[in-house]
There are 2 protein chains.
Amino acid sequence: MDAVNKMEVLKSYIETKGLKSTAQRDFIADTFFKTNTHISLDELLKKVKRKTPGIGYATVYRTMKLLTESGLAIARQFGDGQTRYENLPEDGHHDHIICIKCSKIAEFHNQKIEQLQMEAAKKLGFTVVNHKLELYGYCPDCV
Amino acid sequence: MDAVNKMEVLKSYIETKGLKSTAQRDFIADTFFKTNTHISLDELLKKVKRKTPGIGYATVYRTMKLLTESGLAIARQFGDGQTRYENLPEDGHHDHIICIKCSKIAEFHNQKIEQLQMEAAKKLGFTVVNHKLELYGYCPDCV
DNA sequence: ATAATAATGATTTTCATTTTCAATTGCAAG
DNA sequence: CTTGCAATTGAAAATGAAAATCATTATTAT
């Protein structure tokens, strides 16, 4: 899903919820949709302010909350005490590996792992609807 | 490893680090070692204060930091905005599966998953030192 | 016993959110 | 096009968990 389509999904979410559309929110959302990093609120605010200095922190905060609710963004905690937001991935779910030295984040996906997870859950009588897998270690640059 | 042995590990950790042993820290540690829930600082403080009202938040905080450093406790974030501490498991590392309806937490371990994680990381040039795997779903009681 | 240093506990500070509030804006009905 | 109501905004204040400060107390090696 590209930025344009995400914008449409957002519009219809706003409509269903009886909310109103505003230039600020549209711009923040659009800016976020065009990022592909795991961006923090501060980083996004800085990015947004470059073109629209008037926008405040609270509006960015509220917009990201809205995007998270609507499923267009994923909020993640990688242990550095900051929430980071990730765009809804093109090609389905993926997991993360985080460098504990430089904080670089890489992504990976392994179908076999997912399958083993399901099996492990089943053994305990659980049904999995979601999961979070994060590996922490050193990236190639940090040995 | 039982509470007594953990206490000994703590003692030697303290010794190696050139720290001093105190009644407060021993009591906090002992109290923690005897819990088997994922306890928060506030909960632990409350528990400790029942027998030793004089102990302050900061001491509990610092003791849990020490236990985490020494590997005797594991700090976890389950997304409720509070750090929770878990005792070093008897039988090595395990992962968690959390019921999204009743919040029940079950534990499991799968060596094959760990191995696949290592491989996935290696493919990206990373070295894994730690990981976090959480499955979210429904427990047997919640369908 | 003494000196050096770590620990304690109350308090303050930090920092990332989260909320408040007055002013503004969007939108639907008339 | 106006009007009124409800949502939105941005600045500022509040919140809350974690971390730091600091004067006092306690521990340990000598």
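Residue numbers begin at 1 in each chain, while the letters A, B, ... track the order of the sequences.
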| task | Write out all pairs satisfying side chain to side chain donor-acceptor pair (under 3.5 Å) with one or both partners inside residues 119-138 of chain A, taking only residues at least two apart or from two chains. | result | A:His93-A:His131, A:Asp95-A:His131, A:Glu114-A:His131, A:Gln115-A:Glu119, A:Gln117-A:His131, A:Glu134-A:Tyr136
Starting at [atom1] of [X] and ending at [atom2] of [N], how long is that distance when rounded to a whole Å?
{"X": "A:Asp80", "N": "C:dC15", "atom1": "CG", "atom2": "P", "value": "14 Å"}
{"X": "A:Lys49", "N": "D:dT9", "atom1": "NZ", "atom2": "C1'", "value": "12 Å"}
{"X": "B:Leu41", "N": "D:dA19", "atom1": "CG", "atom2": "P", "value": "9 Å"}
{"X": "A:Asp42", "N": "C:dT18", "atom1": "CG", "atom2": "P", "value": "13 Å"}
{"X": "A:Met64", "N": "C:dA16", "atom1": "CE", "atom2": "C1'", "value": "15 Å"}
{"X": "A:Tyr57", "N": "C:dT20", "atom1": "OH", "atom2": "P", "value": "17 Å"}
{"X": "B:Lys65", "N": "C:dA7", "atom1": "NZ", "atom2": "P", "value": "12 Å"}

| request: Check for a donor-acceptor pair, side chain of B:Asn87 on one end and backbone N or O of B:Lys34 on the other, with a separation under 3.5 Å. | output: no
| message | Looking at A:Thr83, I'd like to know whether one of its side-chain N or O atoms comes within less than 4.0 Å of OP1 or OP2 on C:dT17. | response | yes
| message | Please determine whether a side-chain nitrogen or oxygen atom of B:Tyr61 lies at a distance below 4.0 Å from atom OP1 or OP2 of D:dA19. | response | yes
| Mind checking who shares a hydrophobic cluster with B:Leu116, ILVMFWY linked at side-chain heavy-atom distances under 4.5 Å? | A:Ile97, A:Phe108, A:Ile113, A:Leu116, A:Met118, A:Leu124, A:Phe126, A:Val128, A:Leu133, A:Leu135, B:Ile97, B:Phe108, B:Ile113, B:Met118, B:Leu124, B:Phe126, B:Val128, B:Leu133, B:Leu135
| field | Within residues 21-37 of chain A, residues whose heavy atoms come under 4.0 Å of DNA chain C | value | A:Ser21
Could you go through nucleotides 21-24 of chain D and list every protein N or O atom that sits under 3.5 Å from one of its N or O atoms, giving the distance for each pair?
unit_1, atom_1, unit_2, atom_2, d
D:dT21, O4, B:Arg62, NH1, 3.3

| For B:Val48 and B:Leu44, what are the C-alpha separation, side-chain angles and deciding distance, and is it a side chain to side chain contact (heavy atoms under 4.5 Å, CB included)? | CA-CA 6 Å; B:Val48 161; B:Leu44 183 56; 4.2 Å; yes
Listing, residues 52-67 of chain B side-chain donor-acceptor contacts under 3.5 Å, not counting sequence neighbours, or none:
unit_1, atom_1, unit_2, atom_2, d
B:Arg62, NE, B:Ala58, O, 3.4
B:Thr63, OG1, B:Thr59, O, 2.7

What's touching nucleotides 4-6 of chain D from the protein side, N or O pairs under 3.5 Å?
unit_1, atom_1, unit_2, atom_2, d
D:dA6, N3, A:Lys20, NZ, 2.6

